[in-house]
There are 2 protein chains.
Amino acid sequence: MQLSETVEWGLHACLALAMMPDGARIPARALAEYHGIKPSYFSKAMQRLVSAGIVRSIEGRSGGLAMARPAEEVSLLQIVQALDDSGGFFRCTEIRQKGPCAAASKHYRAPCTIARVMHKADAAWRRVLSETSLADLRHATTQELIPGVSEATEAWLKETGAVRGL
Amino acid sequence: MQLSETVEWGLHACLALAMMPDGARIPARALAEYHGIKPSYFSKAMQRLVSAGIVRSIEGRSGGLAMARPAEEVSLLQIVQALDDSGGFFRCTEIRQKGPCAAASKHYRAPCTIARVMHKADAAWRRVLSETSLADLRHATTQELIPGVSEATEAWLKETGAVRGL
DNA sequence: GTCGGGCTACTCGGATATTGGCTGTCCGAGTCTGACTGG
DNA sequence: CCAGTCAGACTCGGACAGCCAATATCCGAGTAGCCCGAC
C-alpha cells in the first residue's frame with residue numbers, strides 16, 4: 001500500500017509556497033512546471049488543499065496560489081490528510097462479530113486487540129507528522145541548500161514572471 | 001489510502017492459528033468460514049503468508065494450515081508486510097531533481113527533508129508493529145474473552161471436524 | 001490376519017475475469033487587468 | 001488630464017475518460033487417507 005503521489009506534490013508545493021514572501025502568489029500551472037509535474041492533475045491536488053483551508057487561491061488574471069495560514073500553524077499531517085485521507089490506514093471491519101461462533105453484538109463494546117495495536121501504530125505515524133510544522137520543514141531546508149538552486153529559481157521566477165503580488 | 005483488507009484477515013487468521021495446540025491444522029476454507037470471509041480470495045492471502053515463511057501448509061486429504069514458527073517469533077509487522085508490502089507508505093520520486101531549476105544529480109546525495117520526515121513517520125509505524133509479537137496479541141486476547149465464544153468455537157470445531165492432526 | 005496397491009476425496013496453488021479508485025485531461029464560469037473613450 | 005466603461009485574457013473549479021492494481025472466482029496438480037483384495 002502506498003500514499004497517493006499527490007501527497008509528495010502537495011508537500012513540495014506547500015514548502016515552495018511557504019518560502020515565498022508574504023503577499024506573493026504563483027499560478028498552479030507555474031508551480032507544477034517548476035516541479036516538473038503535469039499541471040492538469042496537479043491542480044486537482046491543490047484544490048483539496050484549498051478546500052482544507054491550507055492554501056488560498058486568488059482568482060483572476062494575475063491570480064495564483066498562496067499559503068492561507070502562517071507556516072508555523074500548518075502541520076505536515078494536515079497537508080497529508082487533506083490530500084489522502086481515509087481515516088487511518090487500518091480499518092476494523094469487526095470480523096470477530098461475523099463468524100458462526102460470534103456472540104451478541106452487545107458484548108463487543110471495546111475494540112478488538114488487533115484493532116487496538118493497529119490504531120496505536122497509526123497514531124504513532126500521525127504523531128510524527130503532527131509534530132512537524134511546515135515552518136520546521138522550511139527551516140531544515142534552508143539549512144542545507146543545494147548549490148545553485150536558489151539562484152536558478154530566482155532567475156526562473158524573474159524570467160517567467162510567475163510570482164505576482166509583490 | 002488504506003491497507004488491504006487481507007491484512008485484517010491475515011491477522012485474525014494468524015491469531016486463530018496461534019491459539020491452536022501444536023500439531024493441529026485447519027483447512028483454509030474452514031478458517032475463512034469461521035471468520036465469515038469468502039474463502040476464494042482468503043486462500044490467496046494465506047498463500048502469501050506461506051511463502052513468507054509465517055504459515056505452514058500441509059497438503060493432502062487431511063491437510064490444512066498451521067503456524068510455521070512459534071508465536072513468540074512472529075511480529076505483527078512481518079504479517080502485515082507479507083500481505084501488503086510496498087516498501088513503506090511514502091515513496092520519494094525525487095521531484096526536487098526534476099524541475100527546470102534542478103542542479104546536477106551529483107549534489108542530491110542526502111534524502112530531501114520531506115522524505116526524511118515521512119520516512120521517520122513510516123519507521124514509527126513499523127516500530128509499533130515490530131514490537132508486538134503474535135504471542136503478545138494472543139495473551140491480550142485470552143485476557144478479555146468474549147463470553148460464550150470459546151465454547152461456541154470448540155463446539156463448532158468438533159461439529160465440523162475442521163481441526164486435524166491431534 | 002497382514003501387507004500391498006489402487007482409488008477417492010480433499011487440499012493447496014496458480015491462471016483467469018471483474019471492479020473500483022487513482023490518474024490524467026479537458027472545458028466552462030468567474031474575475032482582475034489594462035486599454036480606450038468621453039468629459 | 002482624469003474617471004468610467006468595456007473588452008480581453010488568464011485564473012481556478014468541476015465534469016468527463018483511461019488505466020492499473022486490488023478483488024473475486026475458478027479449476028488443475030498433488031498428496032494423504034482409506035478401502036479392497038491378495039497372500
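Every chain is numbered from 1 and lettered A, B, ... according to where its sequence line falls, protein lines coming before strand lines.
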Quiz item: When the nearest nucleotide of DNA chain D is assigned to Arg25(B) and to Ser40(B) on a heavy-atom basis, which residue is associated with the more 5' position?
Solution: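 The 5'-side residue here is Ser40(B).
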
Quiz item: On DNA chain D, nearest-nucleotide positions of Gly60(A) versus Trp9(B): which is more 5'?
Solution: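 Its nearest nucleotide being more 5', the pick is Gly60(A).
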
Rounded distance in Å - [atom1] ([X]) to [atom2] ([N]):
| X | N | atom1 | atom2 | result |
| --- | --- | --- | --- | --- |
| Arg29(B) | dC27(D) | CZ | P | 12 Å |
| Ile26(B) | dC10(C) | CD1 | P | 16 Å |
| Met1(A) | dC20(D) | CE | C1' | 17 Å |
| Leu31(B) | dT11(C) | CG | P | 13 Å |
| Arg56(A) | dG13(D) | CZ | P | 12 Å |
| Lys44(A) | dT11(D) | NZ | P | 19 Å |
| Ile37(A) | dT25(C) | CD1 | P | 13 Å |
| Glu33(A) | dT11(D) | CD | P | 12 Å |

Is [X] salt-bridged to [Y], going by a charged N under 4.0 Å from an acidic O?
| X | Y | result |
| --- | --- | --- |
| Lys98(B) | Glu94(B) | no |
| Lys120(A) | Glu131(B) | no |
| Glu72(A) | Arg138(A) | yes |
| Arg116(B) | Glu144(A) | yes |
| Glu154(B) | Lys158(B) | no |

Quiz item: Counting any heavy atom closer than 4.0 Å, what does Arg48(B) reach on the DNA or RNA strands: base, sugar-phosphate only, or nothing?
Solution: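 Since no nucleic acid heavy atom lies under 4.0 Å of Arg48(B), the category is nothing.
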
Give the nucleotide from the list [options] with an atom nearest to the side chain of [X].
| X | options | value |
| --- | --- | --- |
| Val50(B) | dT33(C), dA32(D), dG13(C) | dG13(C) |
| Ser62(B) | dT23(C), dT33(C), dG33(D) | dG33(D) |
| Tyr41(A) | dT31(D), dT23(C), dA32(D) | dT23(C) |
| Pro27(A) | dT11(C), dA22(D), dC12(D) | dC12(D) |

Quiz prompt | Heavy-atom side-chain contact between His12(A) and Ile114(B) under 4.5 Å | solution =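 When only atoms from C-beta onward are counted, Ile114(B) and His12(A) do touch, with a gap below 4.5 Å.
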
Would you please confirm or rule out a distance under 4.0 Å between OP1 or OP2 of [N] and any side-chain N or O of [X]?
| X | N | value |
| --- | --- | --- |
| Ser4(A) | dT23(C) | yes |
| Ser57(A) | dT11(D) | no |
| Arg164(B) | dA32(D) | no |

Quiz prompt | Met19(B) vs Thr142(B), side-chain contact (heavy atoms from CB on, under 4.5 Å): CA-CA, chis, key distance, verdict | solution = CA-CA 9 Å; Met19(B) 282 181 166; Thr142(B) 52; 3.9 Å; yes

Quiz item: Hey, what bend do you get for the helix from dG1(C)-dC39(D) to dG39(C)-dC1(D) if you fit axes on five pairs at each end, rounded to 10°?
Solution: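 Here the local axes at opposite ends form an angle of 0°.
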
Quiz item: Can you find an N or O donor on one side and an acceptor on the other, under 3.5 Å apart, linking the side chain of Gln47(A) with the base of dG14(D)?
Solution: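 Yes, a donor-acceptor pair under 3.5 Å.
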
Exercise. Report, as yes or no, whether the 6.0 Å neighbourhood of atom CZ on Arg164(A) holds more than 12 heavy atoms from other residues, nucleotides or ligands.
Key: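 Enclosed: over 12 neighbouring heavy atoms sit under 6.0 Å from CZ of Arg164(A).
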
Quiz item: Closest nucleotide of DNA chain C for Arg61(A) versus for Ile58(B): which of these residues is on the 5' side?
Solution: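 Nearest-nucleotide comparison on DNA chain C picks Ile58(B).
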
